[in-house]
2 protein chains.
Amino acid sequence: MSKTTIRDVAKRAGVGVGTVSRVLNNSPSVSEATRQKVQTAIASLNFIPSQAARRLSQGKTMAIGVVVPFFTNPSVVRRLQGVVSVLSVSEYDLILFDIEKVDRRDMALRSIPQRNLADGLLLVSLTPSDMDVEQFALADIPTVLVDAYHPALNRVLVDNAAGGYQATKHLIDLGHRQIGYISDYLNDPFNSPVRDRFTGYKRALAEAGIDFRPEYHRQGEHGRFQAQQMTHDLLALPDPPTAIFAYSDTQAIGVIEALRELSLSVPDDLSVIGFDNIEAAEYLRITTIRQALFDSGVKGAELLLSIMAAPPQTPQEILLPTELVTRRTTIQHNNAF
Amino acid sequence: MSKTTIRDVAKRAGVGVGTVSRVLNNSPSVSEATRQKVQTAIASLNFIPSQAARRLSQGKTMAIGVVVPFFTNPSVVRRLQGVVSVLSVSEYDLILFDIEKVDRRDMALRSIPQRNLADGLLLVSLTPSDMDVEQFALADIPTVLVDAYHPALNRVLVDNAAGGYQATKHLIDLGHRQIGYISDYLNDPFNSPVRDRFTGYKRALAEAGIDFRPEYHRQGEHGRFQAQQMTHDLLALPDPPTAIFAYSDTQAIGVIEALRELSLSVPDDLSVIGFDNIEAAEYLRITTIRQALFDSGVKGAELLLSIMAAPPQTPQEILLPTELVTRRTTIQHNNAF
DNA sequence: GGATCAAATGGAACCGGTTCCATTTAGCGA
DNA sequence: TCGCTAAATGGAACCGGTTCCATTTGATCC
């Protein structure tokens, strides 16, 4: 029942509303004696200033909207944790939006800036369309992309092409020449990393003089079970790969489970490399490409805060490196020398 | 630059502000012709109603505050995913608060209802103090606890004592009589599950006529590495346990890593059982106690929404069951029969 | 002692919606 | 055609803060 207002406080303290407001905002131009009187009145009335009223009169929301797709995806969660670690110690509240369905994407992305309930927007692993970007500009809302790209927007990126190259190169260096790639759908317009890693994969193959074999590339919905199925498909090939590069660690886990089903040994029968270095990859000793997931969230949040403080002329870009982490799922291939 | 207001729209459409407001809120008492005029004006001015103003005049925030401790804890994340799955399709926004430090707990819990920026509050794995609860009542803010208990508040609970009993009973049934328990600090006032599971552990021992041996119980900060260390301590005992019950799967992973360091085999040399059934437990084939993590979040969010719609007279309680999931880290103990 | 100026304070106007009451308009029956 | 009621509409007041301008207070200096 916090219906006490600033005017009640003013009356109780025997001062004007402006003075109470000044006390609330630590304005220096209030005498110590008055400040005390007001503080006493606030305490005795159990007064709680209305955030809504403050927001309306100041024209600021003191909130940041964070939009994530598939909140169940572990790498998205890890990035979000980085975002949260920064925002939870900032003066901004974090409003979380989860977009599970593609058809909700457009609606959500359009409605968030419109309702202007946030002073800034952070999109994680989500590529906005040109129309969305236009909306952001119209609403004049500072926006940062994490793990997604748009030329007009500030972004924190991971060098996915380099990562795809590193992964494939690692397998090639181990003597593998038949290397499968299991990934999400390449033609998803909102998922550019899947294409970038594929580019790196093909470049590594080309450099090593290995022809790209389309039948070695399988694509499907992202997920452990789908990857498991695709692995079975790959291994049913007349000339199956000796190593598999999985687009994500989650998918690498699916690959490994498929092999377990077939009583095949990893890495002796087949080498597997993942991507992301999520926690489970460490537990399962999966060789993978580490990308700074948590850090990308941190950097994204920091970038957003700095942009909100001082808007840059041109979109900023932060590029994070990838790194090979060698564990137990990849091994030298015993070529028929 | 969304400085167009409802008055601009009214002028443009040649109607009163009240009528525009009615159109915005789909009031039935507007003629179709007028509605069209207003819609046209809204579209041509690119008008965006201010959420802040609406909130102030309506006295509702249309937001729900969700507070989690240690957002990096996988079981907390899983619960949160359940919460998000419900709220993201509701008409409420989700404001996320993460409390990493204990000293921020009090401040956060007190300030959230105070700033009344949420119509409802959901605390995950976080026990509020009596003083906090008083604040909630004072602010008249509907509150639900998930995985935490307070007599005056609505809650969604897991039967931790039963789970602790099940875990210990399972080990006893396998022939183990020297059973260690690795846990968080028992005296943490805000962590009641740790005590409940301990109670179940002791009850199972007592029923089997096994004396509780204090040296078999180790407690420390929650975490994989801490559990790893405690395992080393336990195994350095003159008469070490043959099985270990870990308070959480995360800690069970630490136990297993310690054993790997000692070149001991799980489960042949030592049986290990965890708690929670997080995803990694499945990958690592860890025997554990399943609790409905995701579902607890779903139930909590649903309960909160229903309470906000119709406040119950007495605090509601939902109790979720636990279930033994047998995998590869526990095995029959070869007793000296 | 009086003039000057800075500090402290009061309070109306404002932020942009919603709501409710007063007023106008339309529809219908006699 | 008049009267009555219901539907549609206009707009002031309000939500509870902030801000800015006008005013009061008090100290300083000549």
Side-chain angles (χ1 to χ4, degrees), chain A residues 1-39 41-42 45-63 91 113-119 139-140, chain B residues 1-39 41-42 45-63 111 113-119 139-140:
Chain A
M1 222 78 74
S2 76
K3 44 204 287 195
T4 46
T5 76
I6 202 172
R7 285 163 236 271
D8 299 324
V9 176
K11 202 177 298 172
R12 173 69 156 258
V15 301
V17 291
T19 303
V20 176
S21 177
R22 275 171 220 119
V23 171
L24 287 175
N25 294 286
N26 296 313
S27 160
S29 57
V30 180
S31 74
E32 194 47 39
T34 309
R35 183 182 305 276
Q36 285 301 335
K37 271 196 305 185
V38 174
Q39 297 282 23
I42 287 175
L45 289 173
N46 214 316
F47 168 70
I48 296 161
S50 153
Q51 188 82 352
R54 171 170 293 169
R55 284 175 171 175
L56 175 57
S57 59
Q58 287 192 145
K60 304 178 77 188
T61 67
M62 295 314 287
E91 54 185 342
Q114 287 195 354
R115 299 186 298 154
N116 62 8
L117 40 70
D119 295 336
D140 197 28
Chain B
M1 222 80 73
S2 75
K3 45 205 288 194
T4 45
T5 76
I6 202 173
R7 285 163 236 272
D8 299 325
V9 175
K11 203 177 300 173
R12 172 68 157 259
V15 301
V17 290
T19 302
V20 176
S21 177
R22 275 172 220 120
V23 170
L24 287 174
N25 295 286
N26 295 313
S27 160
S29 57
V30 180
S31 73
E32 193 47 39
T34 309
R35 182 182 304 277
Q36 285 300 336
K37 271 196 305 186
V38 174
Q39 297 283 22
I42 287 175
L45 289 173
N46 215 315
F47 168 70
I48 296 163
S50 153
Q51 188 81 353
R54 171 170 292 168
R55 284 176 170 175
L56 175 58
S57 59
Q58 287 192 144
K60 305 179 77 188
T61 67
M62 295 313 287
S111 82
Q114 287 195 353
R115 299 186 299 156
N116 62 8
L117 40 68
D119 295 336
D140 197 27

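All chains are named by letter (A, B, ...) in the order of the sequence lines, taking the proteins before the strands, and each is independently numbered beginning at 1.
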For residues [X] and [Y], report the shortest heavy-atom separation together with the two atoms involved.
| X | Y | result |
| --- | --- | --- |
| A:Arg54 | A:Asn25 | NH2-OD1, 4.0 Å |
| A:Ser50 | A:Ala53 | OG-N, 3.0 Å |
| A:Leu24 | A:Phe47 | CD1-CE2, 3.8 Å |

Rounded interatomic separation in angstrom, taking [atom1] from [X] and [atom2] from [N]:
| X | N | atom1 | atom2 | answer |
| --- | --- | --- | --- | --- |
| B:Asn26 | C:dT18 | CG | P | 11 Å |
| B:Gln51 | C:dG16 | CD | C1' | 12 Å |
| A:Lys37 | C:dG10 | NZ | C1' | 12 Å |
| B:Asp8 | C:dG16 | CG | C1' | 10 Å |
| B:Arg7 | D:dA13 | CZ | P | 12 Å |
| A:Lys11 | C:dG11 | NZ | P | 12 Å |
| B:Asn25 | C:dC20 | CG | P | 13 Å |

Report which part of the nucleic acid A:Val20 touches: base, sugar-phosphate, or nothing (heavy-atom distance under 4.0 Å, all strands).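 Touches nothing.
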
For the helix from C:dG1-D:dC30 to C:dA30-D:dT1, what angle separates the axis at the start from the axis at the finish, each from five pairs, in steps of 10°?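 Taking five pairs per end, the axes differ by 40°.
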
Nucleotide N/O to protein N/O under 3.5 Å, stretch nucleotides 21-23 of chain C:
none

Among C:dG11, D:dG17, D:dG10, which is the nearest nucleotide to the side chain of B:Val15?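 So the nucleotide nearest the side chain must be D:dG10.
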
Compare the minimum distances between each of C:dA12, C:dG17, C:dG10 and the side chain of B:Thr5, then state the nucleotide with the smallest one.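 Closest of the options to the side chain of B:Thr5: C:dG17.
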
With sequence neighbours excluded, residues passing salt bridge (Lys or Arg N to Asp or Glu O under 4.0 Å) with B:Arg12: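 Partners of B:Arg12 under the salt bridge (Lys or Arg N to Asp or Glu O under 4.0 Å) test: none.
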
Mind checking what makes side-chain contact (heavy atoms from CB on, under 4.5 Å) contact with A:Lys60, not counting sequence neighbours?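 Checked A:Lys60 against side-chain contact (heavy atoms from CB on, under 4.5 Å); matches are A:Met62, A:Asp119.
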
Nearest-nucleotide wise, let me know which of B:Val17 and A:Gly14 is further upstream toward the 5' end of DNA chain C.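 That would be A:Gly14.
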
Show the atom names and distances, to 0.1 Å, of all donor-acceptor pairs under 3.5 Å that link a side chain in residues 13-23 of chain B to residues at least two apart or in another chain.
from, atom 1, to, atom 2, distance (Å)
B:Thr19, OG1, B:Arg22, NH1, 3.4

Return the set of residues passing side-chain hydrogen bond (donor to acceptor under 3.5 Å, both in side chains) with B:Thr34 (not counting sequence neighbours), or none when no residue passes.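 For B:Thr34 the side-chain hydrogen bond (donor to acceptor under 3.5 Å, both in side chains) partners, ignoring immediate neighbours, are B:Ser31.
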
Selection residues 26-36 of chain B - residue pairs positive for salt bridge (charged side-chain N to carboxylate O under 4.0 Å, His left out), sequence neighbours left out: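 Residue pairs with at least one partner in residues 26-36 of chain B: B:Glu32-B:Arg35.
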
Interface residues of residues 53-62 of chain B with DNA chain C (non-hydrogen, below 4.0 angstrom):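 Output list: B:Ala53, B:Arg54, B:Leu56, B:Ser57, B:Gln58.
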
Atom pairs, N/O to N/O, protein against nucleotides 6-8 of chain C, distance under 3.5 Å?
none

Rounded to the nearest 0.5 Å, how far apart are CG of B:Leu45 and CD1 of B:Ile6?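 Nearest 0.5 Å value for the CG-CD1 distance: 12.0 Å.
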
